[in-house]
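Beneath this line is the structure, given in structure tokens, with notes to follow.
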Amino acid sequence: MSQIRVRFAPSPTGELHLGGARTAIYNWAFARNNDGVFMLRIEDTDPERSTPENTAQILRSMRWLGLDWDEGPEVEGAFGPYFQTQRDAHYTDALEKLKTTGAIYPCFCTADELASKRDEARKSGGYSGYDRTCRALSRDQAQTRIDAGEPHVWRLAVPLDQDEITISDLVHGEISFPLSALDDYIVARTDGTVTYNFAAAVDDTDMQITHVIRGDDHMSNTPKQVLTIKALGAPIPQYAHLPMIWGPDGKKLSKRHGATSVEAYQDEGIIPEALLNYLALLGWSLDGETTVIDADTLTNNFSLERISKNPAIFDAAKLEWLNGVYLRDMAPEEFAPHMVSALGEQGLADSADYERRTDWYHELAPLVNERIKLTTEIVPMVRFLFTDDIEIDEDARAKVLEKEGAIEAIRAARTILADCPWDVESIDAALKVLPEQLDAKPRFVFQPIRVAITGSTISPPLFESIKLLGREKTLQRLDALL
RNA sequence: GGCCCGUUCGUCUAGCGGUUUAGGACACCGCCCUCUCAAGGCGGAGGUCACGGGUUCGAAUCCCGUACGGGCUACCA
């Protein structure tokens with residue numbers, strides 16, 4: 001059997017959003033699991049909405065997710081170019097071929113005429129596509145008008161000698177469309193440029209795509225593309241149409257649901273492993289039990305048969321939970337770079353500092369990564385260790401510091417820490433006696449100390465925090481409240 | 001309007017005719033642990049498998065209708 005070749009074909013009219021990312025993931029995983037080729041093709045034929053910035057953003061997002069493509073922009077390959085705007089020659093060839101076989105015909109109806117015909121037909125209740133007026137023209141008649149310079153488009157002549165066309169979809173099974181409901185769709189516009197359905201069909205043919213894995217919204221386009229490929233005399237690829245991803249309200253995912261692009265999630269503190277994992281399992285399942293799956297397991301087990309047929313609602317809470325799972329699983333040397341980068345953005349740390357006291361960072365890492373879900377939570381939790389410019393939270397001041405016994409606890413801690421050996425065990429042992437000594441519940445003793453040192457009621461464990469802060473700064477912060 | 005697709009706990013899903021009193025995960029609730037917050041442990045609530053008909057000894061699983069939701073129906077992709 002020939003090698004499996006799949007493609008992800010985004011149109012750079014916007015950022016890479018979650019639905020597109022998932023389509024890319026499934027294509028990639030399918031190719032990897034079958035020793036196939038994963039191709040990236042940019043469908044930039046809409047000059048109004050396509051931008052190089054969007055293309056760059058899509059490539060960036062894919063790399064971030066770890067989706068490496070074997071052919072496409074920047075890596076190139078034998079089937080390029082990989083931008084549709086650079087493939088005119090291929091489309092012209094295909095067009096010429098279909099003109100000679102008569103599979104397409106020129107249509108001189110104007111856009112206005114078509115619009116009014118459509119409106120009228122709809123009003124009387126039964127619009128089912130172009131009425132094929134120009135299909136009745138003889139070749140000579142048509143050629144004469146073309147020679148006279150009359151503006152025209154080219155349409156695909158849908159075969160009339162069969163009832164229906166059946167496409168076999170690897171997700172949905174066999175799907176039949178009555179040909180009577182199919183339009184003689186426009187393949188080439190008045191200005192000579194080709195339309196999406198034609199370009200996609202020609203490209204999939206020329207690029208020898210074996211499996212077209214794409215969104216459900218293309219299902220109705222498939223018969224047009226199949227008819228086109230047949231007219232070209234090429235083999236029909238296999239299709240797999242993925243269900244849509246919806247927002248929490250069951251409507252199409254959009255800005256009003258918050259972040260929709262891959263980069264937006266990156267900014268919100270999601271790491272690529274988690275997004276890949278979440279999206280992979282949104283519409284596909286390994287066994288119904290597995291919720292945490294790494295890239296290798298995915299690429300070794302992905303199958304089109306286990307893609308679900310029904311749309312899925314995007315659940316941000318579950319993504320965040322997964323993100324937390326990945327964060328918690330990280331070893332100190334894996335997590336520390338995330339801390340450095342988050343702190344770096346605030347000018348609180350840099351890689352030089354990390355180099356200088358790597359052990360210190362590695363001691364801090366496990367205290368942090370097990371209590372957060374998003375990398376954006378890192379800085380608020382450890383900020384007190386990186387600057388003396390800490391402000392004590394108003395709420396914490398009122399609820400903790402102004403309580404009876406708070407100052408006494410801080411004073412007692414100050415005395416103990418002034419000459420306690422500086423390791424976690426010693427600090428722990430020394431401070432643990434305070435509740436009994438002051439005859440107070442542990443929380444009433446330790447919370448004031450925590451607020452004094454970290455500025456907040458929420459922090460990494462106290463004794464470890466004290467140890468990492470260092471004796472000098474610890475005493476300074478306690479003194480500040482006495 | 002026409003054509004196509006879909007419908008299992010709030011959400012993601014397992015289930016491919018009997019092993020199911022429908023399993024897992026997130027979210028939710030309670031308890032435990034505890035210096036805060038998390039994490040973790042234990043337990044709980046939550047589904048008349050959209051609805052109605054069939055087929056069958058037996059249906060979430062097969063068939064047909066209906067309802068609801070979605071997609072396409074552009075000289076957009």
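Order of the sequence lines fixes the chain letters, A, B, ..., with proteins taken first and strands second; residue numbering starts at 1 for each chain.
Nearest to the side chain of P442(A), among rC35(B), rA38(B), rC76(B), sits rC35(B). Taking every side-chain heavy atom of W321(A) into account, rA25(B) is the closest of rA25(B), rA77(B), rG6(B). Of the candidate nucleotides rC35(B), rG6(B), rA77(B), rC35(B) has the atom lying nearest to any side-chain atom of F446(A).
Y26(A) pairs in a ring-ring contact (aromatic ring centres under 6.0 Å, His included) with only one of the listed residues (W284(A), F302(A), F8(A)), which is F302(A).
No donor-acceptor contact under 3.5 Å links the side chain of R443(A) to the base of rC35(B). For K318(A) against rA27(B), a side-chain-to-base donor-acceptor contact under 3.5 Å is absent.
Toward the 5′ end of RNA chain B lies the nearest nucleotide of V171(A), the other residue of the pair V171(A) and I372(A) mapping further downstream.
Remark: H172(A) is in phosphate contact with rG6(B), judged by side-chain N or O atoms under 4.0 Å from OP1 or OP2. Listed pair R189(A) / rA77(B) meets the phosphate criterion, a side-chain N or O lying under 4.0 Å from OP1 or OP2. At the phosphate of rG40(B), OP1 or OP2 sits under 4.0 Å from a side-chain N or O atom of R328(A). Remark: S285(A) is in phosphate contact with rA14(B), judged by side-chain N or O atoms under 4.0 Å from OP1 or OP2. Checking the phosphate oxygens (OP1, OP2) of rU36(B), no side-chain nitrogen or oxygen of S459(A) falls inside 4.0 Å. Contact check, N221(A) against rC72(B): no side-chain N or O comes under 4.0 Å of OP1 or OP2.
Using a 4.0 Å heavy-atom cutoff across all strands shown, F463(A) reaches at least one base atom of the nucleic acid. Within 4.0 Å (heavy atoms only), S220(A) reaches at least one base atom of the nucleic acid.
Salt bridge annotation for D203(A)-R87(A): present, with a cationic side-chain nitrogen under 4.0 angstrom from a carboxylate oxygen.
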Handout entry: Test log, rule side-chain hydrogen bond (donor to acceptor under 3.5 Å, both in side chains), inputs R214(A) and H241(A)
Key = CA-CA 5 Å; R214(A) 70 207 332 181; H241(A) 286 100; 3.3 Å; yes
